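Working notes for the structure below.
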Amino acid sequence: MFHFLDDTAKPWSKRCDFVVFNLRRNKLHVYCLEFKSESIPYDVPDQLKASVDWLKALHATINAYTTKRSAIQATKYVLSNHPDPSPYLDADGKYLQRDHTIRHYRYADVNGMALADLENSNIEVIR
């Protein structure tokens, strides 16, 4: 098999835990979700960037085989149970300092929330 698709190859294997596709009002919203316990490792932005790159590749593949052309609206999140995530977050305590496009939530804060209620003002549109 081509080494790029091997799960031990970089950067293909450095993707987030879950990519959730949600169709709302004829728009495809994609949530890239990385789950952590009580730490937020340095490489979390790399994992989420690799996931968006994977979405771009998927989008290009779909475009190559179909006539359907629709944009993907991707957002990135890291969820943790960190007792005090403030050293990793911006001044507002919402986004990672290392990457302002990644929204942080504690598990307790998202319990019972709908996907559409997750806040992230940094939407990457893939066309």
Side-chain angles (χ1 to χ4, degrees):
M1 178 185 280
F2 183 53
H3 77 279
F4 184 77
L5 299 176
D6 185 353
D7 278 344
T8 61
K10 304 290 189 256
W12 186 261
S13 64
K14 288 298 285 179
R15 53 195 179 273
C16 67
D17 293 325
F18 291 95
V19 177
V20 179
F21 295 85
N22 183 255
L23 184 62
R24 288 193 323 266
R25 298 185 186 121
N26 293 326
K27 288 186 180 180
L28 185 58
H29 299 267
V30 179
Y31 301 83
C32 298
L33 304 166
E34 180 64 23
F35 296 108
K36 296 298 179 189
S37 57
E38 292 189 5
S39 67
I40 302 173
Y42 186 79
D43 67 344
V44 166
D46 298 333
Q47 289 178 268
L48 289 159
K49 181 192 177 307
S51 300
V52 172
D53 290 343
W54 178 82
L55 284 170
K56 290 176 183 176
L58 176 64
H59 190 262
T61 302
I62 292 168
N63 285 343
Y65 286 96
T66 69
T67 57
K68 178 122 173 105
R69 301 287 184 256
S70 61
I72 294 174
Q73 297 188 18
T75 49
K76 300 178 283 189
Y77 302 88
V78 61
L79 288 81
S80 79
N81 204 30
H82 197 291
D84 179 20
S86 60
Y88 302 98
L89 304 178
D90 64 5
D92 293 330
K94 293 183 177 184
Y95 295 88
L96 293 188
Q97 285 181 14
R98 285 209 53 234
D99 186 336
H100 71 281
T101 66
I102 301 172
R103 178 67 159 93
H104 175 267
Y105 279 102
R106 295 191 74 237
Y107 292 124
D109 297 334
V110 296
N111 190 20
M113 282 180 76
L115 281 173
D117 294 334
L118 292 176
E119 174 197 334
N120 190 330
S121 58
N122 301 289
I123 300 169
E124 185 163 348
V125 179
I126 301 168
R127 298 185 192 281

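Bear in mind that the values here come from a model prediction, so they are computed numbers and not experimental data.
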Rounded to the nearest 0.5 Å, what separates atom [atom1] in [X] from atom [atom2] in [Y]?
| X | Y | atom1 | atom2 | answer |
| --- | --- | --- | --- | --- |
| Arg69 | Arg127 | CZ | CZ | 13.5 Å |
| Glu34 | Asp43 | CD | CG | 8.0 Å |
| Leu58 | Phe21 | CG | CZ | 5.5 Å |
| Asp84 | Arg106 | CG | CZ | 9.0 Å |

Keeping [X] on the side-chain end and [Y] on the backbone end, is there a donor-acceptor pair under 3.5 Å?
| X | Y | value |
| --- | --- | --- |
| Tyr105 | Glu119 | yes |
| His29 | Val20 | no |
| Thr75 | Asn120 | no |
| Tyr31 | Asn22 | no |

- Message: Applying the side chain to side chain contact (heavy atoms under 4.5 Å, CB included) criterion to Leu96, which one of Ile40, Asp90, Thr101, Leu48 satisfies it?
- Response: Ile40
If you define the side chain from C-beta out and look only at heavy atoms, does anything of [X] sit under 4.5 Å from [Y]?
| X | Y | answer |
| --- | --- | --- |
| Ile62 | Lys68 | no |
| Ser121 | Tyr95 | yes |
| Glu124 | Lys56 | yes |

- Message: Please determine whether side chain to side chain contact (heavy atoms under 4.5 Å, CB included) holds for the pair Val19 and Val30, giving the CA-CA distance in whole Å, both sets of side-chain angles, and the decisive distance to 0.1 Å.
- Response: CA-CA 7 Å; Val19 177; Val30 179; 3.4 Å; yes
- Check Pro87 against Gln97 and note the closest heavy-atom contact, atom names and distance. O-NE2, 3.4 Å
- Query: Going through the checks in order, is the ring-ring contact (aromatic ring centres under 6.0 Å, His included) test met by Tyr88 and His82?
  - Reply: CA-CA 10 Å; Tyr88 302 98; His82 197 291; 5.2 Å; yes
- Take Asp99 and Lys76 through the test salt bridge (charged side-chain N to carboxylate O under 4.0 Å, His left out) and record every step on the way to the result. CA-CA 10 Å; Asp99 186 336; Lys76 300 178 283 189; 3.8 Å; yes
- Task: Assign the ring pair Tyr107 / Phe35 to parallel, tilted or perpendicular, where the plane angle (0 to 90°) is split at 30° and 60°.
- Result: parallel
- Under a 4.5 Å side-chain heavy-atom rule over Ile, Leu, Val, Met, Phe, Trp and Tyr, are Ile126 and Ile123 clustered together? no
